[in-house]
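Read the structure below first, then the notes.
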2 protein chains.
Amino acid sequence: MNTPFSIIIADDHSMFLDGLTSILAEEASINIILTAKTGIQVLKYLRINTEENIDLVITDINMPEMDGVELNAAIKEEFPKIKTLVVSMLEDAKKIKTLTEANANGYISKNAEKTELLKAIKSILEGQNYFSPRIKQILMEAMFSEKSEPEISLSKRETEVLKLIAQEFTTQEIADQLFLSKHTIESYRKNLISKLGVRNLAGLTRYAVEKGMLD
Amino acid sequence: MNTPFSIIIADDHSMFLDGLTSILAEEASINIILTAKTGIQVLKYLRINTEENIDLVITDINMPEMDGVELNAAIKEEFPKIKTLVVSMLEDAKKIKTLTEANANGYISKNAEKTELLKAIKSILEGQNYFSPRIKQILMEAMFSEKSEPEISLSKRETEVLKLIAQEFTTQEIADQLFLSKHTIESYRKNLISKLGVRNLAGLTRYAVEKGMLD
DNA sequence: TTGGTTTTCACTGAAAACCGTGATAATTTA
DNA sequence: TAAATTATCACGGTTTTCAGTGAAAACCAA
């Protein structure tokens, strides 16, 4: 075994952070340089300690301020030599896809076994990307389902009107709020109904709520 | 230090399980007897090894098959002497409330510090319950907000009609499906609107979706 | 058994939504 | 720059929703 690898771990759940640290501390080939609770902390460290050659950053997805997806992108942008391994609670196809597109080197679920974690780290440090079979499968499924769901894109105004509709405003009220004619809002409503493939206000509202447009 | 305490840890995320185990393994006063991935495994163990005096069960809330809430209830039912500490990702007021009502001995968030974890375990093993200040606060808030939201109860039929409305069926269609008069459905719609304090179909749909009635 | 809740049905008039079928101008994108 | 998209407005006719009012039968709990 040559010089140990330098790694950084980021996770806002300190219990998990401590746990992961404990697990990896047992590995002689691994040196934990930093544990952080936000992506920003990691970036700051990397920017200041440029002479320190960090090999790998292990990061959670859900973190306050700067999440794992953003952190990964920032690292790949500023420090392309540093490898990244994303560890997440959820198996969200979209996020995984974004991550692969942003050149993350690996993705494993938090319910992966310790052995899989070590395997992933080892693979990545050796220069290979690691995505578990399960993740690969989810990715594949996402690719297919994406094609069947041809992403409906709504314009600014359409989105605005849809939100107001879902908030129980009548056509006239929406028109007044936006300083538009009642007819205009009716056109938008009609377009939304046909665009989204729904039948009525209920359908529009359901779409808006399910897409989280009302937060 | 007298005889070490015997504890069991349950969490479906093995990485967390390993982590927690690593942390607690450092404590001389703690003996980890079992780590499990579901509540059922824990119960089975307890039922078989009755002679083994388990002091504490640390459990996650979100687990497949039998979650932490159910596990806690089952333990308190069958093995009232065993203490329980619930560790969770989320700070869901309702679940916390349910847990306190089911006599869980402690609740801490997964983003609690290691020191807090140890403090909680120590307190509980000494016979005191442990709920972090933050959790107490959430509980208090829940109590108040509960009073301001006086639980709207819907009858079977009302629920049925509401679901169909949110699924974009028209009054006539709902009437046909339920073999009722159109007027009847209109009455239900009207009652629902006034009961739920909304203005129209959009409001009804939003309520149904947000309450997860359409799954 | 009595009183509350639930379920069912009916009518009216006004308001709103829905459908079809347009059109014009501005803006964005290819 | 040409084409596509977006934003705006219009009208007539039909259907549906909404608000108010009323009521009978059935069921459940005290």
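Just so we're clear, the structure is a prediction, and the values are computed from it rather than from any experiment. In what follows, chains carry the letters A, B, and so on, assigned in the order in which the sequence lines appear, proteins first and then strands, with residues in each chain numbered from 1.
At least one donor-acceptor pair under 3.5 Å links the side chain of Glu168(A) to the backbone N or O of Arg199(B).
In this structure, NZ of Lys156(B) is placed 13 Å from C1' of dC28(D), rounded to the nearest angstrom. At whole-Å resolution of the value, CG in Leu164(A) and P in dA17(C) are 12 Å apart. Straight-line distance from the OH atom of Tyr188(B) to the C1' atom of dA10(C): 15 Å, rounded to whole Å. Distance Glu168(B) CD to dT15(D) P: 20 Å, rounded to the nearest Å. Rounded to an integer number of Å, the gap from Lys190(B) NZ to dT6(C) P is 17 Å. Rounded to whole Å, atom P of dA10(C) lies 17 Å from atom CG of Asn191(B). Look at CG on Leu201(A): it is 14 Å from P on dT16(D), rounded to the nearest Å. Atom CZ in Phe169(B) sits roughly 13 Å away from atom P in dT17(D) (whole-Å rounding).
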- Task: Give the intermediate values and the outcome of side chain to side chain contact (heavy atoms under 4.5 Å, CB included) for residues Tyr107(A) and Ser88(A).
- Result: CA-CA 8 Å; Tyr107(A) 185 107; Ser88(A) 175; 3.3 Å; yes

- Item | CA sep, side-chain torsions, deciding dist, call: Glu116(B), Tyr130(B), side chain to side chain donor-acceptor pair (under 3.5 Å) | CA-CA 10 Å; Glu116(B) 193 185 357; Tyr130(B) 184 91; 3.0 Å; yes

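Closest to the side chain of Ser155(A), out of dT7(C), dA19(D), dT6(D), is dT6(D). Among the nucleotides dT7(C), dC18(C), dC18(D), the one closest to any side-chain atom of Arg157(B) is dT7(C).
Regarding contacts with the backbone of dT17(D), a side-chain N or O of Arg189(B) is found under 4.0 angstrom from either OP1 or OP2. In this structure, Arg199(A) does not reach the dC18(C) phosphate: none of its side-chain N or O atoms is under 4.0 Å from OP1 or OP2.
Non-hydrogen atoms lying under 4.0 Å from DNA chain C are contributed by Leu180(B), Ser181(B), His183(B), Thr184(B), Ser187(B), all within residues 170-187 of chain B.
In this structure, a donor-acceptor pair under 3.5 Å is absent between the side chains of Asn103(A) and Lys83(A). Defined by atom type and a distance below 3.5 Å, a donor-acceptor pair is present between the side-chain atoms of Arg189(B) and Thr171(B).
A cation-pi arrangement is found for Lys110(A) relative to Phe16(A), the charged atom lying closer than 6.0 Å to the ring centre and inside a 45° cone about the ring normal.
Nearest heavy-atom pair across Thr38(A) and Met63(A) is CA-SD, 4.3 Å.
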